[in-house]
**Q** 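What follows is a structure written as C-alpha cells; I'll ask about it next.
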Amino acid sequence: MRCPYRVNNGCRVGTAHHLMMLMAVLEAFVFATVIGGFFGILLKKNIMMKIISMDVMSTGVIAYYVLVAARGGVFTPILDETANHGAYADPVPQAVILTAIVIGLSLQALMLVGVMKIARDVPTLDIDDIETEYTP
Amino acid sequence: MTIAWIALPLFMGFSSYLLPKTARYLGLMVSLLSMAYGLWHIVVPEPETLRLLDSFGVTLMVDSLSGFFILTNGLVTAAVILYCWAQGKSAFFYAQAIILHGSVNSAFICADFISLYVALEVISIATFLLVSYSRTNKSIWVGLRYLFVSNTAMLFYLIGALLVYQANQSFAYEGLAQGPPEAIALLFLGMLTKGGIFVSGLWLPLTHSESETPVSAMLSGSVIKAGVFPMVRCALMLESIDPIVRLFGVGTALLGVGYAMLEKDTKRMLAFHTVSQLGFVLAAPPVAGFYALTHGLVKSALFLIAGNLPSRKFKELKQTAIATPVWIALVLASFSISGFPLLSGFGAKVLTMKTLLPWQVIAMNLAALGTTISFAKFIFLPHESQSESSPKPGFWMAMVILLGGLFVANIAYYKAYTLVNMVKPLATIGAGWLVYLLVVQRSQLKLPQLLERFEHLMGVMTLVLITLFWMAVA
C-alpha cells in the first residue's frame, strides 16, 4: 500500500499514526484560532481591534477548509499523466474558500473605511462611546 | 433562461454606471422581468432543477415557493424605484438597488450552501452601501454594525457548511440530514442572524429604522427574506429540521410583537413588527410563500408611508393631523396586516393558521392579537382633508403597485371566504382595538434597548449557538 503522505522523503512504519496525531493537533490549533478570534470580538472594547479579531477568526475558518481538503492527501490537485504522485488533496473546499477569502477581504476593506470616517467623530473608537454618540 | 435571468440584474447593475441616465429604466425593467419570472413559476408549479458543473458545482432549484418570493422581490423593487423616480438619486443608488435585487433573487433559487453564502454576502455588501448612501457618519455606523454582525454569523455558517461537505462530499441542502448536529447549529446560526429571527434578529430594528425611507422599504420588504427562505426550504426538505424552524417561528412572532406593541416610534415599531411577521412565515413552512408575498407588499408600503408622515413619534402624530389620502393608504395597509377580509393579509393569515401544528395555535393567535394592537396605533391617528403636505407623485405610483398587489393577491385565494374564517379575524381585530384603547394607549412602559447593544448582539450569538446545538441533538 502506498503511503498518502511523504514525510522525510519516505514512508516509515508508524507514520500514518503520527500523521493522524498531527492532523488532530492542527485541528485543535485551527479551532483555537476561530475561538480566539471570536473572544476578541466579544471582549475587545476598541472597534478596530474587533475588526482585526474578526480577521483572525476568518483566518481560522479558512485554515479549517484547507485542513479538511488535506484529509485524504496533500498533493496539489493538478492531474499529471506521466507520474503517480499518490493521494491528491480535495480541490472542492479549496476552490470554495477562495471565494470566501475574496469576499472577506472586501468586507474588511469596507469596514476599515467606515471606521476611518467614524474616527472623526469618536477618536477613541471605543464601542461604548460610539454607541452613545450614534444611538437615537 | 434561468441563468440569463439571474445574471441580468448584476450585468445591468454594473452597466448602469456606464449609462447613468438609464439607471432608473434598467432597474424598472429588471424588476418587471423578475415579476414575470416569479408569476410564471407560481402558475407552472413544476420544480426546475439545474446542476452546473456536475455534482460539485452550483445547484439551483426553482419551484412555486421560490416563485412567490421572487414575485415579492420584483414588486417591492419596482415600487421602490418608482418612489425614488423624481428624487434625483444618483446612478450609484440605482446600481446598488439592482445588484441587491439580483442577489436576493439568487438566494431564492440556490439549493446549495455555498451559492447561498455568496448570495448572502453580496446582499450584505449591497445593503451596507445602500444604508450608508447618505454618507453621514451615523448611517455609516448603522451600516458597519450590520456588516459586522452578519459577517461574524456567516463565518460560523461557513464552518457548518464545511461539516456538511465532510459528511456528504457535497454542499447541497439535502446533505444537512446526514450532517452532525454541530453543522445544523452553525448553519442555522448564520441563517437566523441574516433573517432577523428571534434574539439573533435584534440588530434589525436599528438598521431598518435608521435607513432612508426607500431603503428601509426594500430591506424589510424583500431583502430580509433572503435569510428566511433557506430555512423554509430546509424545513420542507428534511423532516428533522421542521420542528426547529417552527419553534423559532413562534418565538420570534411573540418577541417581535411584544416589542412592537410598546414601541413609541413609527419606524422602529414597523421594524420590530417585521421580526414578528417573519415568525408567521417560518411557523408554517408549507404556505410560507404566500405569507411572505403579503408581508413584503404591506411592510414596504407601510415604510414608504411612515417616511411621509409629519413625525416619527406617535405622541406628536396624535396632535398633528395627516392628509386624508395618506391616511387611507395607511389604514388599508394596517387592515391588511391585521387580517381584515377583502385584503390578501386575510387569506394569508387564514392559510397560515390552518397549517399550524396544534402546539403552535395559541401562541400564534396571541401574536395575531398583538399585531392588531400595534396597528391600532396607526388606524386611530387623526386626519384632515385640507392638509398642505402632499407626497410626491412617485409615492402614489408605489402605493398603487403595492396596495393593488394586495387586492389582486387576495383573489388568488378566494377559498378563504367562509363565514367561520371571516368571523375570527374580525373578532381578533375587535379584541385588539379594545385592548389598545383601554390599556396600551395609556401605558407609559418603555422597553430598554439594552439587548440591541453591539456587545450583546455578539454575546447572544453564543447562546443561540448552544441552544441550537441541543435542539439539533434532541
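Lettering of chains follows the sequences in order, A, B, ..., and the numbering in each one begins at 1.
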**Q** Measure the shortest side-chain to side-chain distance between Y134(A) and R145(B) over non-hydrogen atoms and say whether it is less than 4.5 angstrom.
**A**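 No, their side chains stay 4.5 Å or more apart.
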**Q** Going by residue number, which parts of residues 37-44 of chain A are within reach of chain B, meaning a heavy-atom gap below 4.5 Å?
**A** F38(A), I41(A), L42(A), K44(A)
**Q** Look at the side chain of E131(A) and the backbone N and O of F454(B), then say whether any donor-acceptor pair between them is shorter than 3.5 Å.
**A** yes
**Q** Does atom CE of M458(B) have more than 12 heavy-atom neighbours, drawn from other residues, nucleotides or ligands, at distances under 6.0 Å?
**A** yes
**Q** Below 4.5 Å, heavy-atom pairs only: which of L162(B), L155(B), N151(B), V142(B) has the largest tally toward chain A?
**A**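 Among the listed options, the one with the most contacts to chain A is L162(B).
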**Q** Under a 3.5 Å distance rule, please check whether Y65(A) uses its side chain to pair with a backbone N or O of L158(B) as donor and acceptor.
**A**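 Looks like yes, one N/O pair under 3.5 Å.
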**Q** Rounded to the nearest 0.5 Å, how far apart are CZ of R120(A) and CG of N137(B)?
**A**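 Separation between the atoms: 7.5 Å.
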**Q** With chain A, which of F156(B), W141(B), F128(B) has the greatest number of heavy-atom pairs at distances under 4.5 Å?
**A**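 Heavy-atom pairs under 4.5 Å are most numerous for W141(B).
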**Q** With rounding to the nearest 0.5 Å, note down the distance linking NZ in K50(A) to CD in E455(B).
**A** 4.0 Å
**Q** Would you mind checking which part of K45(A) comes under 4.5 Å of any heavy atom in chain B, side chain (CB onward), backbone (N, CA, C, O), both or neither?
**A** side chain
**Q** Between I118(A), V113(A), L107(A), which shows the greatest number of heavy-atom pairs under 4.5 Å with chain B?
**A**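 The candidate making the most pairs under 4.5 Å is L107(A).
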**Q** Are any non-hydrogen side-chain atoms of Y117(B) and I103(A) less than 4.5 angstrom apart?
**A**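 With C-beta onward as the side chain, the pair touches.
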**Q** Does L163(B) reach the side chain of Y64(A), with side-chain heavy atoms less than 4.5 Å apart?
**A** yes
**Q** Considering all heavy atoms of both residues, which atom of G114(A) and which atom of I140(B) are nearest to each other, and what is their separation?
**A**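 Result for this residue pair: CA-CG2, 3.7 Å.
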**Q** Quick test of your reading: applying salt bridge (Lys or Arg N to Asp or Glu O under 4.0 Å), list the pairs with at least one residue in residues 25-35 of chain A, sequence neighbours left out, ordered by first then second residue.
**A** E27(A)-R71(A)
**Q** Counting only non-hydrogen atoms closer than 4.5 Å, can you tell me which residues of residues 122-130 of chain A sit against chain B?
**A** I127(A), D128(A), I130(A)
**Q** Is there a side-chain contact between D90(A) and Q169(B) in this structure, where contact means two heavy atoms from C-beta onward sitting under 4.5 Å apart?
**A**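 Yes - at least one pair of side-chain heavy atoms lies under 4.5 Å apart.
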**Q** Please list all pairs passing the salt bridge (Lys or Arg N to Asp or Glu O under 4.0 Å) test where one or both residues lie in residues 113-141 of chain B, with sequence neighbours left out.
**A**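 Listed by first then second residue: K138(B)-E210(B).
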**Q** Between T99(A), I97(A), I51(A), L110(A), which shows the greatest number of heavy-atom pairs under 4.5 Å with chain B?
**A**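 Greatest number of close heavy-atom pairs with chain B: L110(A).
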